[in-house]
There are 2 protein chains.
Amino acid sequence: MNSIDRTKRTLMGRSVSEPNGTIGRRTFLARSAGIAGAAVAGVAASTGLAPGANAQGLAGHPWERVYGAAFAGYGQPSRFELPVVRHFLRPYGDLAPGSGAALTPIESLEGIITPSSLHNVRNHSGTPDIDPKQHQLLLHGLVARPLTFSMESLWRYPMTTRTYFIECAGNSLRNLAPKPLQLPAGAIHGNISCSEWTGVPLRMLLEEAGLQPQAKWLLAEGADSAHMSRSIPLDKALDDTMIALYQNGERLRPEQGYPVRLLLPGWEGNTSVKWLRSLKATEGPTHTKDETSKYTDPLPDGRALQFTFEMGVKSVITRPSSTMTLPRPGFYEISGIAWSGAGRIRRVEVSTDGGANWVEAALTGAERAKCLVRFRLPWEWTGQAVVLLSRATDEKGHVQPPRKEWIAQYAPDARFHNNSIVSWAVNADGSVKNVYN
Amino acid sequence: MNSIDRTKRTLMGRSVSEPNGTIGRRTFLARSAGIAGAAVAGVAASTGLAPGANAQGLAGHPWERVYGAAFAGYGQPSRFELPVVRHFLRPYGDLAPGSGAALTPIESLEGIITPSSLHNVRNHSGTPDIDPKQHQLLLHGLVARPLTFSMESLWRYPMTTRTYFIECAGNSLRNLAPKPLQLPAGAIHGNISCSEWTGVPLRMLLEEAGLQPQAKWLLAEGADSAHMSRSIPLDKALDDTMIALYQNGERLRPEQGYPVRLLLPGWEGNTSVKWLRSLKATEGPTHTKDETSKYTDPLPDGRALQFTFEMGVKSVITRPSSTMTLPRPGFYEISGIAWSGAGRIRRVEVSTDGGANWVEAALTGAERAKCLVRFRLPWEWTGQAVVLLSRATDEKGHVQPPRKEWIAQYAPDARFHNNSIVSWAVNADGSVKNVYN
């Protein structure tokens with residue numbers, strides 16, 4: 001596998017003299033007894049441990065002495081993981097308990113795939129309860145043959161499977177607050193997730209309907225009670241856009257558009273219209289309520305950018321991160337996620353001294369475009385106060401900007417596309433705080 | 001992305017005159033109106049559809065008229081997907097409701113990743129309810145420094161992320177019944193799943209403990225009340241074996257070994273010992289109850305093979321499959337999964353005429369070793385009785401054997417490592433049956 005080989009090479013190729021506590025793998029091994037805790041005196045002599053006996057003596061833990069739980073048709077996490085849930089952002093509170101966002105607890109996750117149960121959600125009027133036997137997708141407007149697709153019919157089309165992130169355009173807007181919020185990483189930057197999606201290439205359905213020459217855009221509309229609607233340029237629709245039916249192996253979750261959603265890889269999450277009920281070919285953009293009242297980027301000169309679809313190159317260190325505490329000085333792995341709407345991630349650099357020096361992290365998943373990448377770097381925390389940063393670069397050469405640089409591009413009320421560098425301070429007491437570097 | 005490009009090339013490169021109803025993508029488009037259903041007369045004229053209005057008229061479906069559900073901390077599938085659950089194989093019935101297996105409903109899934117809630121389970125004494133704060137992993141035996149690892153300490157080690165299948169050695173034993181069972185594909189062949197796993201390379205912990213020269217095997221023991229135990233050759237332990245802590249992004253599910261399991265990519269699932277509590281370095285295999293009473297392969301001459309760890313090259317068509325019904329003649333996609341414990345899948349061939357002719361299917365995920373691959377082939381069912389087969393070949397040149405050939409290798413009571421070709425008959429009435437071809 002490429003991923004582990006690349007990790008090994010990178011870690012083992014790193015010298016022991018690298019700056020700021022970042023360390024090579026051999027050094028890690030030589031000094032990592034501090035992680036494992038005390039060696040077990042005398043256990044090596046207890047030979048002949050019979051299979052079925054208990055190395056800690058016959059007592060053991062309670063769960064080793066009782067018959068375990070029966071099979072379940074559909075499994076759930078351990079009760080000890082109950083605190084790992086999405087962070088709610090509900091601007092209207094209990095008046096509209098399904099409007100706003102539910103953010104992924106990225107601080108508790110590892111790897112690349114987001115469990116569907118913890119996938120970020122951005123809803124405008126709650127999650128509809130759709131019967132797939134009644135739901136239909138209408139393809140109409142400037143086409144030769146308007147068509148309706150039942151879900152039964154869509155499930156018979158040729159499908160493709162690809163792994164893509166979906167990030168809300170408003171992700172990280174909380175990090176534009178005047179003072180840095182002391183919240184878990186996911187409550188600030190967790191409007192991002194990544195799933196394996198399976199569905200029908202939209203191009204195939206458009207070719208079947210036959211586009212008229214003047215068709216240049218699509219109007220996509222959801223079956224939620226807000227009828228969330230976005231205008232989609234035809235070029236994107238004919239490129240990698242998918243009519244997604246499955247997420248991480250099973251049918252889409254209701255919160256992610258069951259039974260069918262649009263999926264525009266690398267673009268603002270809201271363009272991947274959920275509960276998709278209609279696609280209408282048009283000459284120009286429709287300027288729906290959802291793309292005039294929101295999802296525009298105000299500039300310092302009073303104008304605003306519209307249809308800024310592509311999500312920028314970005315990274316966040318998820319471990320350690322805000323609100324965590326390092327129990328003691330010693331060896332840790334810095335771990336985080338990176339992504340770019342423009343394609344593949346080329347590199348992620350980490351600084352453990354507030355941006356003075358940068359070290360390249362090992363990447364997993366960098367062979368995939370518009371997909372989360374996991375970056376990792378072994379690190380020794382000496383017990384002094386430090387500031388941790390990460391900076392991603394994509395294959396197009398885009399570099400994640402410093403926060404001040406990003407803010408200078410926009411008017412003060414800009415809220416979308418905040419892809420600026422995230423900073424975590426590790427204090428001498430081990431507490432990790434959100435800071436503006 | 002490699003996957004979709006490869007699919008397109010393969011489909012578009014196929015001529016329209018290929019045998020047995022397998023068809024190219026252009027042909028599919030030209031003739032697929034039979035899937036979409038009737039074209040929508042008159043809809044093209046209904047221009048100016050206001051965003052927020054309803055293309056089917058103001059009535060719409062009930063869910064388009066009511067505010068949807070509130071956010072949930074941890075989401076669940078649609079209530080319309082409740083029938084998609086694991087298939088239970090409980091040889092002792094209610095006497096031991098957690099002994100046996102819970103098989104993945106592969107007939108209902110798509111793509112490569114198995115949702116953790118539907119991952120196959122093979123338990124010997126139920127699923128233990130382990131407190132990760134109390135659980136420890138002991139590394140002892142022929143080592144320089146016996147070590148114990150708390151979960152807190154393991155979570156600080158450098159990690160890797162890789163996607164691997166886990167197949168039970170007894171998968172498909174039901175297809176050795178005298179007459180073919182008429183059960184869903186998953187109830188026969190679903191003791192296979194695939195997840196993204198994140199954890200610590202076992203090699204790293206073994207190097208930290210320091211192996212003595214005479215150490216050649218490990219004894220791995222679980223913390224379930226059966227203390228499931230297997231002997232592991234050291235070569236494998238030092239190769240790609242992982243101490244897995246996360247599954248599909250979140251902490252391991254209890255049924256898959258929470259809080260820590262061994263993971264031996266490509267080998268019999270039972271060697272990936274769950275709820276791992278002890279690893280003991282030994283000179284030779286321990287011959288535990290779990291590897292003498294089970295998991296051996298009896299031969300026709302009365303001898304038996306032991307420690308046949310690697311899972312063979314294999315494939316199953318999941319759609320269409322046994323117990324399904326094709327509603328009418330027309331266009332379908334044949335979709336299935338393939339895998340090999342020896343490495344990557346090189347090709348999957350599909351026959352729609354009982355094995356007389358074979359056509360190569362498009363593959364997704366074939367760049368990954370010891371990982372599920374999704375294969376797909378567009379197909380036109382003319383309404384006549386046919387038999388569908390798939391045959392996988394891996395990068396080592398191993399070819400999935402016909403059923404009769406596989407059976408001839410073993411004694412009549414052989415139950416493990418059945419990787420023989422699976423056959424589904426599509427009858428003239430559209431019903432799909434399990435058959436022995």
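Chain naming here is simple, since letters A, B, ... match the order of the sequence lines and numbering starts at 1 in each. Worth knowing before you read on, the calculation uses all heavy atoms, side chains too, and leaves out hydrogens, waters and symmetry mates.
- Atom CE of residue A:Met159 and atom OG of residue B:Ser335 lie 7.5 Å apart, to the nearest 0.5 angstrom.
- With rounding to the nearest 0.5 angstrom, the OG1 atom of A:Thr198 is 10.0 Å from the CG atom of B:Leu109.
- Between B:Phe331 and A:Pro158, every side-chain heavy-atom pair lies at or beyond the 4.5 Å cut-off.
- For chain B, the nearby parts of A:Ala72 are the backbone and the side chain; heavy atoms of each come within less than 4.5 Å.
- Atom CZ of A:Arg277 sits about 4.5 Å away from atom CD of B:Glu64, to the nearest 0.5 Å.
- Every residue meeting the ring-ring contact (aromatic ring centres under 6.0 Å, His included) condition with B:His119, not counting sequence neighbours, appears here in chain and number order: B:Trp197.
- In this structure, chain B has heavy atoms under 4.5 Å from both the backbone and the side chain of A:Val121.
- Distance check: B:Tyr74 OH to A:Leu82 CG gives 10.0 Å after rounding to the nearest 0.5 Å.
- Heavy atoms of B:Gln76 lying under 4.5 Å from chain A belong to its backbone as well as its side chain.
- Contact annotation for B:Ile112: both backbone and side-chain heavy atoms come within less than 4.5 Å of a heavy atom of chain A.
- B:Arg319 places a side-chain N or O within 3.5 Å of a backbone atom of A:Trp155 that can act as its donor or acceptor partner.
- Within the 4.5 angstrom heavy-atom criterion, no atom of A:Asp94 approaches chain B.
- Within the model, atoms CZ of A:Phe80 and CD1 of B:Ile130 stand 9.5 Å from one another, a figure rounded to the nearest 0.5 Å.
- Between B:Asp129 and A:Trp63 the shortest heavy-atom distance is O-CE3, 3.4 Å.
- Contact annotation for B:Ser195: neither backbone nor side-chain heavy atoms come within less than 4.5 Å of a heavy atom of chain A.
- Chain B forms the most heavy-atom pairs under 4.5 Å with one residue out of A:Arg90, A:His87, A:Arg86, and that residue is A:Arg86.
- Comparing A:Pro254, A:Ser108, A:Ser125 by heavy-atom pairs within less than 4.5 Å of chain B, the highest count is held by A:Ser125.
- Taking each heavy atom of B:Tyr157 and A:Glu333 in turn, the nearest pair found is O-OE1, 3.7 Å.
- B:Thr161 and A:Arg376 form a side-chain donor-acceptor contact under 3.5 Å, judged by distance and modelled atom types alone.
- With A:Arg253 contributing its side chain and B:Gly75 its backbone, the two residues share a donor-acceptor pair below 3.5 Å.
- Using a 4.5 Å cut-off between heavy atoms, B:Thr114 contacts chain A through its backbone alone, with no side-chain atom that close.
- Contact annotation for B:Glu196: only side-chain heavy atoms (C-beta onward) come within less than 4.5 Å of a heavy atom of chain A.
- Of all non-hydrogen atoms in B:Ala101 and A:Phe71, the two that sit nearest each other are N-CZ, 3.4 Å.
- Ranking A:Ser117, A:Gly126, A:Pro265 against chain B, the residue ahead of the rest is A:Ser117, based on heavy-atom pairs under 4.5 Å.
- By number of non-hydrogen pairs under 4.5 angstrom with chain B, the leading residue of A:Asp131, A:Leu245, A:Leu142, A:Thr282 is A:Asp131.
- Interface residue B:Phe88: only side-chain heavy atoms are found under 4.5 Å from chain A.
- Contact of B:Tyr246 with chain A is made through the side chain alone, with heavy-atom distances under 4.5 Å.
- Side-chain atoms of B:Glu81 and A:Tyr258 include a donor-acceptor pair closer than 3.5 Å.
- Interface remark: B:Asp290 contributes no atoms to any contact with chain A (heavy atom separation under 4.5 Å).
- Heavy atoms closer than 4.5 Å to chain B are found in both the backbone and the side chain of A:Glu250.
- Ranking A:Ile113, A:Asn248, A:Val85 against chain B, the residue ahead of the rest is A:Ile113, based on heavy-atom pairs under 4.5 Å.
- The choice from A:Gly111, A:Pro128, A:Ala102, A:Pro115 that makes the most heavy-atom pairs within less than 4.5 Å of chain B is A:Pro115.
- In this structure, chain A has heavy atoms under 4.5 Å from both the backbone and the side chain of B:Ala96.
- The distance from the OG atom of A:Ser225 to the NE2 atom of B:His61 is 14.5 Å, given to the nearest 0.5 Å.
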